[in-house]
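Lettering of chains follows the sequences in order, A, B, ..., and the numbering in each one begins at 1.
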Amino acid sequence: MISLTHYLVLSAILFSLGFYGVLVRRSAILILISVELMLAAVSINFVAFASYVDTDLFSGIIFAIFVITIAAAEVGLALGIVLRTFRERASANVDEASTLKW
Amino acid sequence: MGMEQVGILVAIPASVFVLLALTYKLLPRGGDFLVVLAFAAMLLISLAVAGDYVGHIHDGHFAPEGANAFAFDWINIGNGHFLIEFSTWVDAITVVMIVVVSTVALMVAFYSMSYMHGEPRYGWYFAALSLFVTAMLMLVVSGNLLQLYVAWEGVGLASFLLIGFYWERQSAAEAAKKAFITTRVGDVGLLIGIVLLWRQAGTFDIQGIIEFAKSGGFDHTYLTTAMIFLFMGAAGKSAQFPLHVWLPDAMEGPTPASALIHAATMVVAGVYLVARMMPVYDEVLIARDVVLYTGLITAIMAATMGLVANDIKRVLAFSTVSQLGFMFVALGFGEVGAAMFHLLTHAFFKALLFLCSGSVIHATHEQTVEELGGLRHKMPITTVTFIIGSLALAGIIPLAGFWSKDEILHIASEQAPVVYVLLASAAVLTAIYTTRLVLLTFFGEPRNHHAYDHAYESPFIMAAPLVVLAVLATVAGFVIFDPVGQALGFPGGILATVFVEHPHHFVFDPMFAATAVGTALAGIGIGFAYWWGDAKRAERARGWAPELHALLVNRYYIDDLYQAIINRVVLGMGNIIALFENRVVNQSGVDGGAQTIGWFGHRLKFLQTGRIPNYALAMAVGVVVLAVLASSAE
Amino acid sequence: MSLPVARGRSILTGLVLGSLVAGPYFLVLTALAILGRISGAEFVWWLLAGITIAGAVGAVTSKNVVHAALSLVVASMSIAGIFLLLASEFIALVQILVYGGGVAILLIFGLMMTNASDDPIVMDGSQKPFGFGVALVLGIVLVGAMSGAAWGGALETVAGFREIGTRLYRDYGVPFEVASLVLLVALVGAVTVARRDREEDAE
């Protein structure tokens with residue numbers, strides 16, 4: 001039987017993988033991809049709860065809708081910034097953006 | 001004018017001082033006549049107060065019934081818990097002091113009108129004189145220790161101003177500083193003593209403290225300590241060993257000022273203090289013995305130093321120190337009457353001697369004895385009065401000095417024969433150096449003909465006080481006789497009435513008196529032997545023991561010792577503290593603090609890599625830590 | 001560093017790992033299903049979970065940016081499948097539409113604009129070990145938290161489209177409008193930020 005725990009563990013694993021990607025990746029776009037992964041994992045979490053526990057009010061589903069919406073908006077805006085930065089510096093490498101260095 | 005109004009004796013010179021200090025440049029003659037008039041008025045008032053005091057003596061008992069005290073509260077905290085008041089108290093000691101101070105002050109002020117004529121800052125001199133008299137009178141009439149301390153400091157200030165009157169001279173400025181600092185050392189002890197007394201007695205009022213002490217309210221060791229500290233102040237102000245170093249140097253001031261302050265009045269402030277607190281000293285005999293031995297040592301030491309001094313005023317200064325030692329010896333035996341009596345007579349003849357020397361200095365512009373000689377031909381009045389003063393100092397009957405010194409020697413012979421012998425030798429030394437001074441100055445051949453040719457007798461204004469003081473130096477001693485005392489209004493004689501703690505009738509012991517006069521004459525004889533004529537014998541004597549002579553001339557090297565202490569200890573400590581301030585506070589503390597922060601900054605700045613993934617990692621670590629904590633908190 | 005060797009190596013690594021891990025996984029799963037040890041729903045669930053995790057791993061570890069983006073798409077689609085298993089068809093559809101049709105397209109466009117085709121290999125950052133450690137710890141904590149509690153509850157059919165719509169527009173009307181505002185702002189913002197300045201054109 002697939003219980004709620006299965007979905008929650010899956011969501012936790014996906015979230016950790018996305019977390020790893022944010023910390024490790026060097027290109028801005030790869031970081032964005034990892035962020036998207038994290039947000040998806042969060043959606044799974046919400047919807048799982050809505051289906052298993054909160055079936056009357058299913059607030060989790062509504063929240064998941066908003067999460068997906070905001071994720072999409074965020075990607076659009078972030079890509080705009082990446083493009084701008086790439087134009088200035090001809091590189092999307094995050095490591096090189098270190099003018100705030102001591 | 002009754003005893004309760006004695007405070008006016010402080011108010012008059014105070015107002016004169018303020019007026020003169022502000023306007024002396026505007027007043028004609030610098031305002032000196034104001035001062036003389038004020039002092040004359042003060043003398044009359046003092047005599048009136050004395051008369052009122054005498055009027056209250058019945059059957060040998062002084063019954064004040066509150067008539068001799070006056071007080072008004074100044075600061076009153078906690079309804080008497082902490083009380084500072086302006087209070088006056090009149091008794092026999094006060095009466096003696098105010099009469100002495102007023103008389104000598106009047107003589108000196110009158111004399112100064114001629115002596116200081118033509119000096120720069122003429123008016124300021126009189127202002128400083130008025131300030132001094134204000135403080136001195138406040139000191140002797142005050143009824144509580146705090147007011148006394150204020151006046152004590154005021155007297156020190158006036159002394160400083162007058163010693164340093166010719167401040168253009170480096171030596172005068174140094175001497176003024178030395179006087180102030182030395183007496184300051186003593187004043188610290190005085191203040192400690194006052195505070196100690198207050199802490200247990202709960203009051204600053206002198207009579208209150210005396211009552212408290214008599215009733216046994218003080219812890220014995222505590223009281224001994226307090227009274228010794230009090231005596232420290234007295235020793236400082238009265239130039240007793242080891243705080244005597246300032247008085248010889250204080251002769252840099254104008255001679256009339258020296259006559260008033262450093263002969264007759266200020267230096268006896270210490271004697272006055274101990275006399276006033278004598279009922280308390282009677283409770284702690286150890287402290288009284290300290291007074292006794294200090295006075296004894298000083299008397300002998302100063303007399304030896306006076307033998308070799310070359311400046312007229314210096315010799316007189318050492319003589320003053322020595323005579324003050326005599327007074328403290330008397331106090332050390334608890335005999336207030338004898339001490340006050342000697343104070344009275346000494347004031348007159350010492351002031352006389354100083355004014356005479358001023359006359360000599362004014363005439364010849366020379367102070368060094370080596371440059372003088374044979375002045376009796378040119379200055380007869382000065383010579384005669386000086387000789388009278390010298391004989392009084394040496395203690396020759398029937399001059400005043402004999403009676404008071406004899407009284408002290410008598411007491412010493414009854415109580416401690418060893419002290420008597422030592423004191424008698426000091427008396428012999430006194431006679432010797434006095435004779436030396438007279439012979440070298442007024443007799444023999446003039447050594448500096450330029451000075452001798454210019455010498456002239458002093459004008460009337462300067463000569464008149466000399467004569468007055470000479471008369472007083474002659475007759476003042478007779479008041480000790482019972483009939484004289486009774487005539488003055490003291491039933492049964494002064495000694496029986498006034499100093500009621502130790503009343504006794506005056507007894508004239510002819511044998512004892514003969515011994516005293518004999519030793520004095522012997523001293524005079526020795527003086528004649530060595531210094532008559534060419535003083536060749538004295539010069540040869542100097543060759544016998546050059547080290548001893550050097551010791552005395554250098555004042556037992558005590559001055560050098562103090563200077564060495566200052567250089568090594570005080571300045572040394574100052575250097576240590578400066579080092580501490582530089583190393584610890586400045587370098588380590590202030591600079592070090594800044595450098596530490598900089599050091600940390602230099603190393604911590606590497607955290608700011610500027611790279612976003614590093615920051616993201618840091619935030620992630622924080623989040624994870626929180627998550628771990630949150631999950632483990634359950 | 002666009003070395004052909006590195007490119008090939010990345011593909012090779014992926015294939016090797018993939019076959020080593022994924023192969024047995026799927027084989028075991030199929031075997032269990034055929035044997036009847038697990039029900040059909042369970043089989044589907046484990047299949048979809050495996051694909052999701054495979055896609056996620058590929059997204060965060062692939063050295064080739066294009067491969068990473070495509071892995072994200074794969075993961076998103078299988079997540080949509082998960083949503084279907086959770087009986088939320090609406091969310092599954094939204095997921096496919098937005099992620100597959102919106103986010104993926106945007107990411108590919110971004111890659112194109114930043115010339116990823118010239119140089120698709122991006123070596124990982126310098127803090128790989130630290131990141132790995134931190135993420136591992138987080139993973140352990142989360143998984144522990146999730147599996148530690150007894151959640152209870154059973155899968156029930158959630159409301160359909162009509163109910164979701166009513167909820168969205170009636171009870172959550174204000175957040176809905178705010179979300180649309182956010183989209184507007186993001187749109188305007190993206191355009192403003194990415195726009196070429198006039199001076200650049202003039203040069």
The interface call for L111(C) against chain A, heavy-atom contacts under 4.5 Å, is both
Interface check, chain A: of S180(C), G55(C), A59(C), A179(C), most non-hydrogen pairs under 4.5 Å belong to A59(C)
Applied to residues 160-175 of chain C, the salt bridge (Lys or Arg N to Asp or Glu O under 4.0 Å) test, sequence neighbours excluded, yields R167(C)-D171(C)
Subject >> Residue pair L79(A) / F109(C), side-chain heavy-atom distance below 4.5 Å >> reply: no
If one checks every heavy atom of I33(A) against chain C at 4.5 Å, the contacting part turns out to be both
Inset, instruction - Could you give me the CA-CA distance, side-chain angles and deciding distance for L30(A) and V24(A), then say whether side-chain contact (heavy atoms from CB on, under 4.5 Å) is met? - result: CA-CA 9 Å; L30(A) 290 174; V24(A) 165; over 6 Å; no
d(S43(A) OG, M38(A) CE) to nearest 0.5 Å is 12.0 Å
Under 4.5 Å to a heavy atom of chain C? For I68(A) that would be both
Interface check, chain C: of V9(A), V47(A), V75(A), L4(A), most non-hydrogen pairs under 4.5 Å belong to V47(A)
Paired with I29(A), the side chain to side chain contact (heavy atoms under 4.5 Å, CB included) test is passed by just one of I108(C), V65(C), L107(C), namely L107(C)
Self-check item: Donor-acceptor under 3.5 Å (R87(A) side chain, A194(C) main chain)
Solution: yes
With sequence neighbours left out, the residues meeting side chain to side chain contact (heavy atoms under 4.5 Å, CB included) with L97(C) are none
Cut-off 4.5 Å, heavy atoms of chain C, and the answer for T85(A) is neither
Honestly, the part of F15(A) sitting under 4.5 Å from a heavy atom of chain C is side chain
Sequence neighbours excluded, the answer for ring-ring contact (aromatic ring centres under 6.0 Å, His included) partners of F46(A) is F63(A)
Checklist entry - Do I65(A) and F176(C) come close enough that some side-chain heavy atom pair is under 4.5 Å? => result no
Under a 4.5 Å heavy-atom criterion, the part of residues 83-92 of chain C in contact with chain A comprises F83(C), L85(C), L86(C), S88(C), F90(C), I91(C)
Counting heavy-atom pairs under 4.5 angstrom with chain C, the leader among S51(A), G21(A), A12(A), G80(A) is S51(A)
For L17(A) and A56(C), the nearest pair of non-hydrogen atoms, with its separation, is CD1-CB, 3.8 Å
Applying a strict 4.5 Å limit to non-hydrogen atoms, the region of T52(C) in contact with chain A is both
From the list L142(C), L138(C), V57(C), the residue making the most non-hydrogen contacts under 4.5 Å with chain A is L138(C)
Checked N45(A), V82(A), I81(A), L14(A) vs chain C; the most non-hydrogen pairs under 4.5 Å come from L14(A)
Most contact-rich option vs chain A, by heavy-atom pairs under 4.5 angstrom, among T114(C), V191(C), V143(C), is T114(C)
Most heavy-atom pairs under 4.5 Å with chain C, out of F49(A), F19(A), F58(A), belong to F58(A)
Whatever's closer than 4.5 Å to a heavy atom in chain C on S3(A) counts as neither
Worksheet entry | Check: W45(C) ring centroid to Y7(A) ring centroid under 6.0 Å | yes
**Asked** Does atom CZ of F26(C) have more than 12 heavy-atom neighbours from other groups under 6.0 Å away?
**Response** yes
Between V35(A) and E74(A) the two heavy atoms that sit nearest each other are CG1-OE2, 3.4 Å
Applying a strict 4.5 Å limit to non-hydrogen atoms, the region of Y52(A) in contact with chain C is both
Residues A71(A) and Y99(C): closest non-hydrogen pair is CB-OH, 4.0 Å
For V193(C) and R84(A) the tightest heavy-atom approach is O-NH1, 2.8 Å
With chain A, the option among A75(C), S71(C), G102(C), A68(C) that has the most non-hydrogen atom pairs under 4.5 Å is A68(C)
If one checks every heavy atom of L57(A) against chain C at 4.5 Å, the contacting part turns out to be both
Note: vs chain C, highest number of non-hydrogen pairs under 4.5 angstrom among T69(A), L77(A), I70(A), I13(A) is L77(A)
